[in-house]
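As structure tokens, the structure follows; a few thoughts come after it.
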Number of protein chains: 2
Amino acid sequence: MSKRDDLIDAAKTLLWEQGFEAMSPKKIMRLSGAGQGSLYHHFEGKQDLALAALAEVATEMRAVVDDVFSEDKAPMDRLSDYLLGSRQELNGCRLGRLSNEKTVYETNICTIIGDYFNYVSQHLHTTINDAKAAGDLPHHLDADAFSRSLQAVIQGGYILARGTRDAAFMNKAQEGAWAMVEALSRGH
Amino acid sequence: MSKRDDLIDAAKTLLWEQGFEAMSPKKIMRLSGAGQGSLYHHFEGKQDLALAALAEVATEMRAVVDDVFSEDKAPMDRLSDYLLGSRQELNGCRLGRLSNEKTVYETNICTIIGDYFNYVSQHLHTTINDAKAAGDLPHHLDADAFSRSLQAVIQGGYILARGTRDAAFMNKAQEGAWAMVEALSRGH
DNA sequence: GTCTATACGATGATAGAC
DNA sequence: GTCTATCATCGTATAGAC
């Protein structure tokens, strides 16, 4: 594996564990085992490296959600898999957790996050419509709003877990969301 | 107003707009008009100042939610006011937005955030039980999980809005959550 | 491609005059 | 209480040898 890959791997880890601002070139070098020369040979700077690392992260995460929302599964199973799936609560979402950082918000790093959010939302949207068609959810449901709500529960669950330093609150949020979906399904 | 108050006001603003790590003593000085001497006279350092500033922020925010959840209002009105209330979507929650920062998570600043989250959740919990008692929500509802879910929708809505740089997604998440609550209310 | 040496401003804090 | 030096260290990047 090349130094370039080592650098990207280190950046992926540090971005998840510490965020963008806290990820200094020095830390990247220590974790990757590469020297500063390699960093600035392969990338224009820290931001460019972060961009490359997060592009890979986004690709990995898309693959995961593609699996969660596989159309082989019944719509309601897709929803429960999405809502109840196990997550690293205290680390936060690998992309979403960066959205509050000033530099991230102001640069094209933010585009990677936004694109990923829209990608997941599209999956949710499709799944909700499939569930309607299958008679599992009421037709009057606004798929647009509903999909963003479910997505927000997950992103917010991470925030609750970290703010309280207690992973259980993410799980509570997940359970509550799934209970609401089930109630909608039964109640119509 | 004393320099101490000026410093705290500046910190409150910067913490909201930029976060903790991005709030440098230099920026604090410029915004507050105080010199470095004043900063280190009144506070032990940047972290101590942040702690004092965020304690004030938490007090202000508690007052706001106390109002939203006033027991003078019908339970369902409290819930709609909480869920649909107008927010500064692109700035994020003044406390929640800090939870992903490494230093915040590792220090007692995090306690302020967790305490606030629990405070809001307690209000939600009470309101949900009041709604049950009034016959507005089904008795089988898990108030614990439900309250954390609704709270997560708001916190997650901020993340969606910032990640996409589009305030509308917070509003979608809010609408979807309220629609679910209404459906639960009608459907039981 | 990779490394070490060097540069330079910013960060976070201290010392001491007023 | 407030201000202006001053300081050590870090963050970020460049230069140039190997």
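In what follows, chains are A, B, ... by sequence order, proteins preceding strands, each numbered from 1.
When the P atom of C:dA13 is taken as reference, atom CZ of B:Phe43 falls 13 Å away, rounded to whole Å. Atom CG of A:Leu49 is separated from atom P of D:dG11 by 15 Å (rounded to the nearest Å). Between A:Arg30 atom CZ and C:dT4 atom P there is a gap of 15 Å when expressed in whole angstrom units. In this structure, CD1 of B:Ile28 is placed 10 Å from P of C:dA13, rounded to the nearest angstrom. B:Phe20 places its CZ atom 13 Å from the P atom of C:dT11, with the value rounded to the nearest Å. Rounded to whole Å, atom C1' of C:dT2 lies 11 Å from atom CG of A:Leu7. Distance A:Lys26 NZ to C:dT11 P: 16 Å, rounded to the nearest Å. Between the CG atom of A:Leu39 and the C1' atom of C:dT4 there is a distance of 15 Å, rounded to whole Å.
Ion pairing of B:Glu175 with A:Arg148 is absent here, as no side-chain N (NZ or NE/NH1/NH2) approaches a carboxylate O to less than 4.0 Å. Under the 4.0 Å criterion applied to side-chain N and carboxylate O atoms, B:Glu60 and B:Lys12 are assigned as salt-bridge partners.
Note on ring orientation: taking the six-membered ring where Trp is involved, the planes of B:Tyr82 and B:Phe69 are tilted (angle from 30° to 60°).
Within 6.0 Å of CD in B:Glu71 there are 12 or fewer heavy atoms belonging to other residues, nucleotides or ligands. The environment of CD in A:Glu44 is sparse: at most 12 heavy-atom neighbours from other residues, nucleotides or ligands sit within 6.0 Å.
Considering only side-chain N and O atoms, B:Ser38 lies under 4.0 angstrom from the phosphate OP1 or OP2 of D:dC3. Distances shorter than 4.0 Å separate none of the side-chain N or O atoms of B:Ser24 from OP1 or OP2 on C:dA10. Phosphate contact (OP1/OP2 of D:dC3, side-chain N/O of B:His41, threshold under 4.0 Å): absent. Dashed line: the shortest gap from a side-chain N or O of B:Lys46 to OP1 or OP2 of C:dG12 is under 4.0 Å.
Which of D:dT12, D:dC3, D:dT4 sits closest to the side chain of A:Pro25 comes down to D:dT12. Nearest nucleotide to the B:Tyr40 side chain, out of C:dT14, D:dA13, C:dT2: C:dT14. With distances taken from any side-chain atom of A:Gln36 to the nucleotides D:dT6, D:dA13, C:dG1, the minimum falls on D:dA13.
The residue among A:Glu44 and A:Ala22 whose nearest nucleotide of DNA chain D is located toward the 5' end is A:Ala22.
Within the 4.0 angstrom heavy-atom criterion, base atoms lie near B:Gly37.
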